[in-house]
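The structure appears below as structure tokens.
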Amino acid sequence: MSKSKDESKNLPKKEKFSEWYHELIQKAEIMDVRYPVKGLYVWFPFGFKIRKNVYDILREIMDREHDEVYFPALIPETELGKEGEHIKGFEDEVYWVTHGGNTPLDIKLALRPTSETAMYPMFKLWIRSHANLPLKVYQIVNTFRYETKHTRPLIRLREITSFKEAHTVHATFEEAEEQVRKAVSYYKEFYEKLAIPCIICKRPEWDKFPGAVYTIAFDTIMPDGKTLQIGTVHNLGDNFAKTFEITYETPDGDHSFVHQTCYGISERCIAALISIHGDDLGLVLPFEVSPVQIVIIPILYKGKEEIVLRFSGEIYNEIRGKYRVIMDDSDERPGAKYYNWEIKGAAIRIEVGPKEVEENSVVVSFRDERKKFKVKRDELTEKIDTWAKEMRERIYNKALEKFKEKIKICENLNEVKNWIKEGVVLTYMCDSKECGSELDEVGNVLGEILELPIDVKMEGKCVICGKKGKLTAIAKTY
RNA sequence: GGGGCCGUGGGGUAGCCUGGUGAUCCUCCCGGCUUUGGGAGCCGGUGACCCGAGUUCAAAUCUCGGCGGCCCCA
């Protein structure tokens with residue numbers, strides 16, 4: 001085996017995160033990056049299966065109290081421009097449809113950068129009385145943003161293909177507040193299932209969603225120490241209600257503006273999934289979302305093919321109804337198959353050779369640990385659920401360890417400036433604008449911490465002025 | 001926002017400076033033989049100079065523009 005052969009087959013090491021990510025996306029057949037338009041990528045069948053498994057979880061959570069809907073992708077300029085702050089936040093990155101065939105359109109149509117302005121004129125028609133409230137809907141759609149910065153598959157896209165956006169409407173601000181709390185707990189549950197540790201914080205005033213009263217965001221920490229925003233929850237107050245004249249009749253016959261929230265998660269959740277758990281050999285996925293939960297590899301010695309295939313076939317038939325399982329009886333050597341399924345994150349590998357047939361056992365290996373051990377044939381099926389659960393816990397704990405290593409509590413500005421190059425800074429910040437913008441020049445102020453998977457004191461002295469401050473995260477961001 | 005580098009079979013590359021040979025090597029892929037417990041071997045095969053304009057007898061190579069990609073700094 002020559003060195004050059006090795007290099008052309010292997011992934012770059014994960015320490016070179018940017019290269020690793022770029023190649024893994026292709027080698028694991030998640031996305032084809034060769035589509036000839038900047039910022040647009042193609043989902044391969046395998047990648048799309050990951051997407052389906054992940055979004056099935058998200059959908060299950062949403063379906064508990066939201067109805068799924070679909071609003072059009074085109075928004076008339078007249079609606080998009082109604083909310084002043086909102087349009088200011090997006091106008092530089094809107095794609096416009098200006099012609100129907102060769103005929104210029106009277107009113108230009110925007111490809112949705114997000115759907116508030118598509119939905120809310122309709123909400124005005126839907127909502128008439130307090131009996132119509134609350135309204136809770138979601139949709140999973142593509143959205144378009146003309147990104148001028150460096151685009152990256154799943155992370156910075158011109159077409160976001162998988163934006164789950166929920167929109168709710170309530171009678172009062174307090175009810176909207178309650179919905180925000182629920183949304184945060186839903187997203188927490190979602191990311192726990194994906195074994196992704198998150199920082200939950202309240203975005204500073206200058207970084208909130210355009211048109212919102214406030215924004216709560218989920219960020220995770222990528223292997224290079226930069227953070228990735230992977231979910232947002234906005235309390236819109238009655239800002240949009242006033243713009244779009246969404247009112248309801250109260251029980252005593254008055255008319256009031258509604259209060260709204262919206263919250264979203266995009267395919268960045270899959271970027272996080274891949275980046276946080278993957279290793280030098282490829283994808284590592286929690287059992288629940290892996291497209292190949294179990295792969296059976298028969299080891300076919302000459303003359304023994306038949307007994308080995310029969311034995312592994314029986315196992316395959318026994319578990320295939322319950323799990324996503326593949327029997328790899330292709331004409332490759334076992335070692336090559338191991339590598340191929342490791343890059344794709346097959347969670348459990350079962351090896352069956354002549355020895356196992358004789359002993360009535362199998363050899364099992366978990367993708368995250370890569371040790372091999374023997375299991376009795378009859379005990380195999382009943383153990384899978386337990387293994388899956390333990391694997392998710394191991395993966396989460398490992399992710400949490402790495403997460404902790406990249407966070408540091410900084411006592412002074414110098415420490416902040418040094419650590420920002422390595423990872424996420426936690427420090428204390430007062431609510432004055434001056435201190436905020438001073439810190440925002442060092443890194444991006446993610447905001448006041450609401451929740452963290454590690455124990456830290458929530459209040460302290462502002463790192464700039466020394467007055468009373470709150471625990472705040474600062475980081476380089478994607 | 002500013003700067004730099006690059007575009008050659010499906011993937012990775014040599015060739016470009018100094019224009020002219022049958023465009024190099026690895027991998028993938030296809031067919032055959034053989035083999036199978038961590039990327040086997042041998043034989044045979046398919047497949048490429050980003051697009052457009054220009055210079056020239058002649059362009060992968062030089063010039064300009066477009067499109068696309070990568071990296072660094074703010």
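So you know, we letter chains A, B, ... as the sequences are listed, proteins then strands, and number each from 1.
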By salt bridge (charged side-chain N to carboxylate O under 4.0 Å, His left out), A/Glu79 pairs with (sequence neighbours left out) A/Lys82
Complementary nucleotide for B/C64 - Watson-Crick or wobble, under 3.5 Å: B/G52
Interatomic distance at C1', B/C64 relative to B/A48, whole Å: 25 Å
A/Ile350 has an atom CD1; how far is it from atom C1' of B/G37, in whole Å? 16 Å
Taking only distance into account, with no hydrogens and no angle test, what donor-acceptor pairs under 3.5 Å do side-chain atoms of residues 403-415 of chain A form with protein atoms, sequence neighbours excluded?
from, atom 1, to, atom 2, distance (Å)
A/Asn412, OD1, A/Asn414, N, 3.1
A/Asn412, OD1, A/Glu415, N, 2.9
A/Glu415, OE1, A/Glu411, N, 3.3

Please enumerate all protein N or O atoms sitting under 3.5 Å from an N or O of nucleotides 46-50 of chain B, with distances to 0.1 Å.
none

Nearest to side-chain heavy atoms of A/Asn340, which nucleotide of B/G39, B/C70, B/U36: B/G39
Detail all sub-3.5 Å separations between protein N/O atoms and N/O atoms belonging to nucleotides 72-74 of chain B.
from, atom 1, to, atom 2, distance (Å)
B/A74, N1, A/Lys149, NZ, 3.4

Value in whole Å for how far the C1' atom of B/C71 lies from CD of A/Glu19: 10 Å
Salt bridge (Lys or Arg N to Asp or Glu O under 4.0 Å) with A/Glu356: which of A/Lys372, A/Lys376, A/Lys304, A/Lys374? A/Lys374
Does A/Arg333 put a side-chain nitrogen or oxygen below 4.0 Å from OP1 or OP2 of B/G39? no
Rounded distance in Å between the C1' positions of B/G32 and B/U13: 29 Å
Cationic N near anionic O, under 4.0 Å, A/Glu91 to A/Lys88: no
Set of residues satisfying side-chain contact (heavy atoms from CB on, under 4.5 Å) with respect to A/Ser18, sequence neighbours excluded: A/Arg152
How is A/Glu356 classified with respect to the nucleic acid when contacts are heavy atoms under 4.0 Å: base, sugar-phosphate, or nothing? base
Between B/G12 (P) and A/Trp20 (CH2): distance, integer Å: 18 Å
Give a yes or no on whether a salt bridge exists between A/Asp385 and A/Lys322, defined as a side-chain N under 4.0 angstrom from a carboxylate O. yes
Using the C1' atom in both, what is the distance from B/G54 to B/G12, to the nearest Å? 32 Å
Between CG of A/Asp328 and P of B/G37 the distance, given in whole Å, is 14 Å
Should A/Arg34 be listed as having a side-chain N or O under 4.0 Å from OP1 or OP2 of B/G11? yes
Rounded distance in Å between the P positions of B/C62 and B/U21: 16 Å
Candidates B/C71, B/G39, B/G37 - which lies nearest the side chain of A/Ala336: B/G39
Looking at B/A23, which nucleotide sits across from it as a Watson-Crick or G-U wobble partner, both distances under 3.5 angstrom, or is there none? none
In whole Å, what separates the P atom of B/G4 from that of B/G47? 41 Å
Could you measure between the two C1' atoms, the one in B/G11 and the one in B/G65, and give it in whole Å? 29 Å
Look at the side chain of A/Arg349 and the base of B/G38, then say whether one donor and one acceptor between them are separated by less than 3.5 Å. yes
Roughly, in whole Å, what's the span from NE2 in A/His150 to P in B/G69? 8 Å
Using a strict cut-off of less than 4.0 Å between a Lys/Arg side-chain nitrogen and an Asp/Glu carboxylate oxygen, indicate whether A/Arg34 and A/Asp32 qualify as a salt bridge. yes
Among the nucleotides B/C71, B/G39, B/G1, which one has an atom lying closest to any side-chain atom of A/Thr148? B/G1
A/Phe71 and A/Thr117: CA distance, side-chain angles, deciding distance, side-chain contact (heavy atoms from CB on, under 4.5 Å) verdict: CA-CA 10 Å; A/Phe71 280 74; A/Thr117 56; over 6 Å; no
Which residues share a side-chain contact (heavy atoms from CB on, under 4.5 Å) with A/Thr381, sequence neighbours left out: A/Glu318, A/Ile319
So salt bridge (charged side-chain N to carboxylate O under 4.0 Å, His left out) across residues 266-295 of chain A, not counting sequence neighbours, yields A/Lys13-A/Asp280, A/Asp279-A/Arg367
With the side chain of A/Ser18 defined as its heavy atoms from C-beta on, choose the nearest nucleotide among B/C71, B/G37, B/G69. B/C71
Does the side chain of A/Tyr301 get closer than 4.0 angstrom to OP1 or OP2 of B/G37 through an N or O atom? yes
Under 4.0 Å, counting only non-hydrogen atoms across every strand here, what does A/Glu332 touch: a base, just sugar-phosphate, or nothing? base
Within the 4.0 Å heavy-atom criterion, would you say A/Val363 contacts the bases, only the backbone, or no part of the nucleic acid? base
Any side-chain N or O of A/Lys302 below 4.0 angstrom from OP1/OP2 of B/U35? yes
Provide the full list of salt bridge (charged side-chain N to carboxylate O under 4.0 Å, His left out) pairs with a residue in residues 424-451 of chain A, sequence neighbours left out, each pair given once. A/Lys188-A/Glu451
Say you pick atom P in B/C50 and the same atom in B/A14; how far apart are they, in whole Å? 14 Å
In whole angstrom, give the distance that lies between atom CD1 of A/Ile30 and atom P of B/G11. 18 Å
In whole Å, what separates the P atom of B/A53 from that of B/G1? 32 Å
Sugar-phosphate only, base, or nothing, as touched by A/Gly303 at under 4.0 Å among non-hydrogen atoms: nothing
Among B/C71, B/G68, B/C70, the nucleotide that comes nearest once only the side chain of A/His22 is considered: B/C70
Nearest to the A/Arg370 side chain among B/G37, B/G38, B/C71, which nucleotide is it? B/G38
Kindly confirm whether the side-chain ring of A/Tyr339 is stacked on the base of B/G39, judged by centres under 5.5 Å and planes under 30°. yes
How are the rings of A/His86 and A/Phe240 set to each other: parallel, tilted or perpendicular (split at 30° and 60°)? perpendicular
Pair assignment for B/G1, Watson-Crick or G-U wobble, requiring both distances under 3.5 Å: B/C73
Results of salt bridge (charged side-chain N to carboxylate O under 4.0 Å, His left out) for A/Lys398 - residues two or more places apart only: none
Can you identify which nucleotide, out of B/U34, B/A40, B/G10, has its nearest atom closest to the A/Asp331 side chain? B/U34
B/G38 base to A/Glu342 side chain: any donor-acceptor pair below 3.5 Å? yes
Which nucleotide, if any, forms a Watson-Crick or G-U wobble pair with B/G44, using both distances under 3.5 Å? B/C30
